[in-house]
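Comments concern the structure below.
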Amino acid sequence: MPKTLYDKLWEEHHICELDSGESLIYIDRHFLHEVTSPQAFEGLDQKNLVPWRLGANIATPDHNVPTSRGDSFNTDNILDEISKIQVVELDKNCNKFGIKQFDIKSSNQGIVHVIGPELGYTIPGMTIVCGDSHTSTHGAFGCLAMGIGTSEVEHVLATQTLKISKLKNMQVIFDGKPKAGVSSKDIVLFMIKKIGTAGGNGHAIEFTGSYIDSISMEARMTICNMAIEAGAKVGLVAPDETTFNYVREHSFLDKDMLAEAVDYWKTLKSDEDAVYGKKVKIDVSDIKPQITWGTSPEMVIDFDEIIPSSKTPSKNSKNIELAKKYMGVEDNQKLSDLKFDKVFIGSCTNSRIEDLREAANVISGKTVSNDIIEAIVVPGSGAVKSEAESEGLDKIFTAAGFIWKDPGCSMCLGMNPDQLKPYERCASTSNRNFEGRQGNMGRTHLMSPAMAAHVAIHGKVGDLS
Amino acid sequence: MKQINPKLIYGVVATIDRDNIDTDQIIPTEYLKSIKKFGYEDYLFDGWRYLDKGKLGISSMEREKNKEFILNNSPYDSASVLLTRDNFGCGSSREHAVWALRDFGIRAVIASSFGDIFYNNCFKNGVLPITLSKNDVENLFQAFESSSSNIEIFLEKKLLKYNDSEIAFEVDNNLLERIIFGLDDVDITLRNKEAISAYEEKRMIEKPWIYKND
């Protein structure tokens, strides 16, 4: 029976089937952050348990951390008392149980899905979980990676396993070569528009095709990151030479062990005649820059299109009407008519070095529009930040009028001081345009780093080609 | 504390006629700063329920309520079932979304589909997600938007009754049992301690690179 990559990863980690019909799946790597872990540690404590395998766990604070920290910052300097408690709690729990943490003072602190791969903790063939839905990011390495709830965080700490049922297989084939100015963010937004935010529910999506083969690990991470926005908690790309080269560059494994591992990783691909429950084909060569207009990541249109009307009767009319009201957009308005107030370049979707280069390339030699109240760049990690600085990207951003920040999740979800004020319209490279996501009553438009950079300069979206 | 029958969910149905209600709407990020597992009832659907901006620790009594939002009006302020449309609970994995529903008193959510992670989280916290066809959901909307009658949900029979109608629903028996008996997954899994250890020992030999930084 031919198998998909997901089938192979599932079988490899399958410990046993339970009476319930569910399976016990072994977890190789567990990432933790300050928001979804405190209740899990408390549960562990109440049961008098300790982590099953300490070395599997890697922690870092990212959601709550302020991004204007400077050099001598420590947790005591967090002004929001409630945020501080969570960061302190993570310190305490990691110290108490002996979990490795890249704390707020560490030069390697960053968004958990950015530091995992770059520090070599994410390698192909692993099962990876984290109390965060964007754990799907790590699927770019051919890992079975998914977001879990806090009860499951406790379960993984205590047992090194998850008790789950198998997902169905889905394949998305991206073929073709994208036009200039079109990035992996546009491609994945286009896919979400096509299949909807529930299109991948119950499925693990494997991304394949000549386009996927041709792109970098960072671009693949952007696509897997947003699999969850299409409803799939697992996104996957089969590891190939691009993957192995990335891992060789970032790994702490010695050469011999790495070579042995690569031999195994080469087997991690779907069999030629493997069967998928769902298949979607997308030609990327006609895709224009994609931008969300509404309050769900499926509310996506081309940058030069007219925003959908709620007056055309459809099963979606009510959703469209509610979204338009919230977003403050009128019938027959074009996306390119909207005036923006803020620009956010960052998040686990688009805060890696290639994203920052893409944005800096658009910004170089230009200045931020007077219409823009604030434009910020939040590198995904300490390592991204220092690499960007060594390339002089920070200078390009600050010379143009951007604020260059310290790593964290920042305005993707506004748990720290980086938030929208009511009715502010934001060009954001993040992953969710939900109501209130970036701040109470704030209005989010998702787009690529290059388009967000364009908005910073012109105050509006426009042609990048 | 009110005694509850774990095999029967009975009470008022609140309706929210909307697709894709994400967990950020069920509970906004601001309240994820709590390190507790309980006490989220005042923040459920915060952005729709209140007209002012809240923060962790503030009680519902002190807030400016949106009178048009269903959960602010009697009898829906004591609803035990929520009826909604497609893909409820999509987005963020925050279990706080289920905690907020549970703490408010919601014991079952009926929808035509659910976000995968949310669906899973429900069973860890005694909240029953019921998936029905779009047609059945539409019929329920018609029944409960026009009158505030009660619903009865019989967990063991997998059957819900309202007015003079009934609808059978599907749910995995084991997940259902977890709700009825309030079982703890960690305890159950640790009965397989030896199988986990045996797997792990073998993996350490076969795939040593996984354990390199331990």
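Proteins get letters first, then strands, A, B, ... in listed order; numbering begins at 1 in each. Quick note: numbers below take in every heavy atom, side chains included, and nothing from hydrogens, waters or symmetry partners.
Using a 3.5 Å distance cut-off with no hydrogens or angles, the side chains of Asn120(B) and Glu152(A) do pair a donor with an acceptor. Asp132(A) and Ser93(B) share no side-chain donor-acceptor pair at under 3.5 Å. Ser151(A) and Glu95(B) are linked by a side-chain donor-acceptor pair at a separation below 3.5 angstrom, with hydrogens and angles left out of the test.
Ranked by non-hydrogen atom pairs under 4.5 Å with chain A, the options Asp187(B), Asp86(B), Asp184(B) are led by Asp184(B).
Remark: Glu435(A) engages Arg18(B) in a salt bridge, criterion side-chain N to carboxylate O under 4.0 Å. A salt bridge links Glu22(A) with Arg178(B): at least one charged nitrogen is closer than 4.0 Å to a carboxylate oxygen.
The main-chain N or O of Lys37(B) is never found under 3.5 Å from a side-chain atom of Gln39(A) such that the two would form a donor-acceptor pair.
With Tyr264(A) as the aromatic partner, Lys207(B) meets the cation-pi criteria of under 6.0 angstrom to the ring centre and within 45 degrees of the ring axis.
When heavy atoms are compared at a cutoff of 4.5 Å, Thr161(A) approaches chain B solely by way of its side chain, counted from C-beta outward. For Asn316(A), the part lying near chain B is the side chain, with the backbone staying farther off; criterion is any non-hydrogen pair under 4.5 Å. Heavy atoms of Thr23(B) lying under 4.5 Å from chain A are absent altogether. Heavy atoms closer than 4.5 Å to chain A are found in both the backbone and the side chain of Asn213(B).
Of residues 41-50 of chain B, those residues with a non-hydrogen atom less than 4.5 Å from any non-hydrogen atom of chain A are, in numerical order, Trp48(B). Taking non-hydrogen atoms and a 4.5 Å limit, the residue list of residues 124-137 of chain B in contact with chain A, ordered by number, reads Lys124(B), Asn125(B).
When each of Asp185(B), Thr189(B), Asn174(B) is checked for a side chain to side chain donor-acceptor pair (under 3.5 Å) with Lys163(A), only Asp185(B) meets the rule.
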